[in-house]
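Some notes on the structure that comes next.
To find a chain, count down the sequence lines: A is the first, B the second, and so on, and within it residues start at 1.
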Amino acid sequence: DTGVSQNPRHKITKRGQNVTFRCDPISEHNRLYWYRQTLGQGPEFLTYFQNEAQLEKSRLLSDRFSAERPKGSFSTLEIQRTEQGDSAMYLCASSTNRGANYGYTFGSGTRLTVV
Amino acid sequence: LAKTTQPISMDSYEGQEVNITCSHNNIATNDYITWYQQFPSQGPRFIIQGYKTKVTNEVASLFIPADRKSSTLSLPRVSLSDTAVYYCLVLGAGNMLTFGGGTRLMVKP
């Protein structure tokens, strides 16, 4: 297992287009988290899953953002009708069900540029 | 969630010991203190975690005084590759990792 994998690493899209990012967590981790990070800021929590259940989604930035984890393994984050303000690094992390106290493993992120 | 305050940036030279202090005045009894490191274009990486006194691993040491209202991350003999952003987080069971702005450490030759 090589850790948390995110694809693509970079995405350039035109304003108004939809984009989807994929995250493959560490296989034995049943929790999966999405964060967004803008330049010069710390990561901002968006949502998380325990297995296939999305347990927290109130921090998703708008109804244009949605996430799924249909079989409790990989997850996708979709942004519909992208705006220039959506340009950021989108980070995925995973952990065991003991959660944050035992460390998250982050992927290298997907950098989105909306032009 | 306990709020943390840490310096925005620090400079150091290769071979020096670097201490980054974080204050967390309203830490709760069951909260832990955790530090993450982030290099450009990478996700944060767990460095060290502690509850009280001192914790040491192969990368760093974490000093936590008895009142637990602050903590100090100590990096021994830094190298250029330690240039990164260091985040101090306080978290309890069931909480999500909530990041602040972190401390930007620049190690100079």
Short side-chain to backbone donor-acceptor contact, A:Glu56 and A:Ser58, under 3.5 Å: yes
Flag, side chain of A:Arg9 to backbone of A:Gly109, donor-acceptor distance under 3.5 Å: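 A pair under 3.5 Å: yes.
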Sequence neighbours excluded, every pair satisfying salt bridge (charged side-chain N to carboxylate O under 4.0 Å, His left out) that has a member inside residues 61-82 of chain A: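 Non-adjacent pairs meeting salt bridge (charged side-chain N to carboxylate O under 4.0 Å, His left out): A:Arg64-A:Glu83, A:Arg64-A:Asp86.
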Donor-acceptor pair between B:Gln38 and B:Tyr87 side chains, under 3.5 angstrom: yes
Heavy-atom closest pair, residues B:Ile48 and B:Val55: CD1-O, 3.5 Å
Proximity breakdown for A:Glu44 and chain B, heavy-atom pairs closer than 4.5 Å: neither
Residue B:Arg45 versus chain A: region with a heavy atom under 4.5 Å: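 For B:Arg45, neither part sits under 4.5 Å from chain A.
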Crowding at OH, B:Tyr13 (>12 non-hydrogen neighbours, <6.0 Å):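 It does not: B:Tyr13 OH has 12 such atoms or fewer within range.
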Chain A contact residues among residues 59-68 of chain B, heavy-atom distance under 4.5 Å: none
Residue, of B:Ser41, B:Gly102, B:Gly101, that accumulates the most heavy atom pairs under 4.5 Å with chain A: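 Winner by heavy-atom pair count: B:Ser41.
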Parallel, tilted or perpendicular, as decided by the 30° and 60° cut-offs, for the rings of A:Tyr35 and B:Phe99: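 Ring orientation of B:Phe99 relative to A:Tyr35: perpendicular.
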